[in-house]
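Quick caveat, the model's predicted, so the values are computed rather than measured.
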Amino acid sequence: MSKPSVGMIGLAVMGSNLARNIESRGIPVAVYNRTGEVTKEFMAKFGTRDGKPAGFTASYTMEEFVKSMQSPRQIIIMVKAGAGTDAVIDQMAPLLEKGDIVIDGGNAYFKDTVRREQKLTAMGLNFLGIGISGGEEGALKGPSLMPGGPKDAWKIVAPMLEKIAAQADGPCTNYVGPDGAGHFVKMVHNGIEYGDMQLIAEAYDILRSVVGCKPDELAKIFDTWNSGVLSSFLIEITAKIFTKKDPQGPGYLVDKILDKAGQKGTGMWTAQTALDLGVSIPTISAAVDARTLSSIKDQRVVAAKEFAGPSVEDFTGDRQQFIQAVHDALYASKIMSYAQGMALIATASQQWNWDLKLDEIAAMWKGGCIIRAKFLDEIRRAFASKPAPTNLLLDSFMKKEVTRCVPNLRKVVGAAVSRGVPVLGFAASLGYFDSFRTAELPQNLTQAQRDFFGAHTYERKDAPGTSYHTEWEQQ
């Protein structure tokens, strides 16, 4: 076997699965892990196939690893994002040759990617930040890959990326843009994922709390939904979750899981970046807030004893109509969430001159990734049209769907609020829509207040572009 040009650093589940994916496409892979025992275990499991050596070359020092490869090296780092990535780069970079390509496949903060690229470019090396979505199974069988960095370096690795990516009307990968663009798009993908998951959780909560759906019925409902406009990976796995019986006793497993949701930071980064860029993403931000609120379980248990919810009678309406209303509320809110995420990407593209193609990004998300959904075909079409809409809600198809579904969103939010069922995501989506569609918002008063206490000035409706200040206490 000739020397590999592709290498993998980090052989935890994601790294090992990605390495196996690459090797399965006939591409030899050099592998290395800081802990040698992990490398030995990997080779014991995957180093042979049908009694013959597989296409892996194992190394147990960084120097040996670099020497085992031919230039231009394409080295993928799959370690914990942050200081761990910097440590690997600092150790490896002096050993590399000009033109070699370092690839960060972790969930890195995009500004860290910008910093790392600048550092390695000064050393004559190439650095790509590639957002990878799809979890463990996606890494092995075909993820969505969002590469950013120097285009010339991307062209070298593109043939490999296209082979290992998920396939959905073509490979679910394409060049995203320069420096941190790939990791930025992956960050926003995760923010939309937060929104999707929160909205699905709220739909589940409303169905069980308002109309009394049990897991077996919920499984059927979500399975039916997965055959229509809501068809997606998250709806599919939700239906499967509701069928899982508790292996330790009677009942369903979902009812036994503690209601504390974890988060690794990408949703928070999305919300923070949106604030920095002045883009409103209330559905995504609400999803981050919901996870944070879920984490204070002990305080919520105490508060539940101190505050009673509203007294309501049992549901007496048409059950099937209400279930359909929840479906439409989820669909409308999902459109709002994607509209917010795509608006954030569009603004970032303008801010940093990235020239991001929203239709191509939607295509990358069609397969492999967590938010893959039938709905993305329409998003891709919308942003490929000429002229593309300034906001997804203004696309003709989206306008029709939102107009059809928003009345049921109002109905569901009203039913939840009247019963004290928390709907941070649904309510935020409805508020976003109503604010977006309102020509005259009450922020004229906000601006008057700002001018009153801080002389921040204001514009007049009848004289746009001119700033005014009023001495408000003078009569």
Compare all side-chain heavy atoms of Thr273 with those of Phe110 and state whether any distance is below 4.5 angstrom. yes
Please work out whether the ring planes of Trp154 and Tyr175 are parallel, tilted or perpendicular, with thresholds of 30° and 60°. tilted
Strictly by side chain to side chain donor-acceptor pair (under 3.5 Å), give each pair with a member in residues 231-241 just once, sequence neighbours left out. Glu236-Lys240
Salt-bridge contact Asp179-Arg116 (side-chain N to carboxylate O under 4.0 Å): no
Under 3.5 Å, side chain of Thr173 to main-chain N/O of Leu161, donor-acceptor pair present? no
Quick one, Val157 and Leu128 - any side-chain contact, counting heavy atoms below 4.5 Å? yes
Pairwise distance CE(Met342) to CG(Leu392) - rounded to 0.5 angstrom: 7.5 Å
In this structure, CG of Asn226 is separated from CZ of Phe233 (nearest 0.5 Å) by 11.0 Å
Identify whether the distance between the nearest side-chain nitrogen and carboxylate oxygen of Arg381 and Glu378 falls below 4.0 Å. yes
Close side-chain approach of Lys245 and Leu253, heavy atoms under 4.5 Å: no
Is there a donor-acceptor contact under 3.5 Å from the side chain of Arg291 to the main chain of Ala261? no
Distance in Å, Leu140 CG paired with Ile164 CD1, rounded so as to fall on 0.5 Å steps: 11.0 Å
Before accepting this row, confirm whether a basic side-chain N of the pair Glu136/Lys141 lies closer than 4.0 Å to the acidic partner's carboxylate O. no
Do Ser349 side-chain atoms and Leu356 backbone N/O form a donor-acceptor pair below 3.5 Å? yes
Nearest 0.5 Å please: distance from the OG1 atom of Thr266 over to the NZ atom of Lys186. 6.0 Å
Is there a donor-acceptor contact under 3.5 Å from the side chain of Ser418 to the main chain of Gly414? yes
Tell me, yes or no, whether the heavy-atom count around Asp276 atom CG, taken from other residues, nucleotides or ligands under 6.0 Å, exceeds 12. yes
Find out whether Met8 and Met78 are in side-chain contact, i.e. whether some heavy atom of one side chain is under 4.5 Å from a heavy atom of the other. yes
Check: Glu459/Tyr468 side-chain N/O donor and acceptor closer than 3.5 Å: no
Can any side-chain N or O of Asp359 pair as donor or acceptor with the backbone N or O of Ala384 at less than 3.5 Å? no
Spacing of Cys405 atom SG and Phe433 atom CZ [to the nearest 0.5 Å]: 11.0 Å
Under 3.5 Å, is there a donor on one side chain and an acceptor on the other for Thr283 and Ser429? yes
Would you check if the side chain of Gln167 reaches a backbone N or O of Ala165 as a donor-acceptor pair within less than 3.5 Å? yes
Quick one: sort the Trp352 and Trp354 rings into parallel, tilted or perpendicular, breaks at 30° and 60°. tilted
What I'd like to find out is whether the side chain of Ile192 reaches to under 4.5 Å of the side chain of Trp365, using heavy atoms alone. yes
Main-chain N/O of Val13 paired to Ser16 side chain as donor or acceptor, under 3.5 Å: yes
Sequence neighbours left out, what passes salt bridge (charged side-chain N to carboxylate O under 4.0 Å, His left out) with Asp90? Give chain and number order. Lys119
Check Arg460 with Asp462, please: is the shortest side-chain N to carboxylate O separation under 4.0 Å? yes
Between Glu217 and Lys220 (salt bridge meaning N to carboxylate O under 4.0 Å), is one present in this structure? no
For His189 and Ser133, run side chain to side chain donor-acceptor pair (under 3.5 Å): C-alpha distance rounded to whole Å, both residues' side-chain angles, the deciding distance at 0.1 Å, then the answer. CA-CA 9 Å; His189 162 284; Ser133 179; 3.2 Å; yes
So Asn190 and Thr270, do their side chains get closer than 4.5 Å, heavy atoms only? no
Looking at Lys411 and Asp328, does any basic side-chain N land under 4.0 Å from a carboxylate oxygen? no
Arg34 atom CZ: more than 12 heavy-atom contacts under 6.0 Å: no
Lys461 vs Glu440, salt bridge (Lys or Arg N to Asp or Glu O under 4.0 Å): CA-CA, chis, key distance, verdict: CA-CA 11 Å; Lys461 296 176 183 178; Glu440 296 284 340; 3.1 Å; yes
Verify side chain to side chain contact (heavy atoms under 4.5 Å, CB included) between Leu394 and Phe436, making sure each step is shown before the conclusion. CA-CA 10 Å; Leu394 298 176; Phe436 186 74; 4.0 Å; yes
Pairing donors with acceptors under 3.5 angstrom, does anything connect the side chains of His183 and Thr113? yes
With distance as the sole criterion, is a donor-acceptor pair present between the side chains of Gln198 and Glu202 under 3.5 Å? yes
Interatomic spacing from CH2 in Trp269 to CZ in Phe184 - rounded to 0.5 Å: 12.5 Å
Under a 4.0 Å N-O cut-off, is there an ion pair linking Arg380 with Asp377? no
Got a donor-acceptor contact below 3.5 angstrom from the Arg419 side chain to the Val210 backbone? no
Would the distance check show the side chain of Asn408 and the main-chain N or O of Ala329 forming a donor-acceptor pair, the cut-off being under 3.5 Å? no
Decide if atom NZ of Lys305 counts as having more than 12 heavy atoms of other residues, nucleotides or ligands within a radius under 6.0 Å. no
Please work out whether the ring planes of Trp225 and His327 are parallel, tilted or perpendicular, with thresholds of 30° and 60°. perpendicular
Does atom CD (Glu137) have a neighbourhood of more than 12 heavy atoms from anything else shown, all under 6.0 Å? no
Treating Asp318 as the side-chain partner and Gln321 as the backbone partner, does any N or O pair qualify as donor plus acceptor under 3.5 Å? yes
Could you walk me through whether Tyr204 and Phe242 pass ring-ring contact (aromatic ring centres under 6.0 Å, His included), step by step? CA-CA 10 Å; Tyr204 149 68; Phe242 289 130; 5.3 Å; yes
Does the distance from a Lys or Arg side-chain N to an Asp or Glu carboxylate O, for Lys334 and Asp196, drop under 4.0 Å? yes
Could you tell me how the ring of Tyr458 sits relative to the ring of Trp472: parallel (under 30°), tilted (30 to 60°) or perpendicular (over 60°)? tilted
Residue pairs passing the salt bridge (charged side-chain N to carboxylate O under 4.0 Å, His left out) test where at least one lies in residues 256-275, sequence neighbours excluded: Asp246-Lys256, Asp259-Lys297, Asp259-Arg300
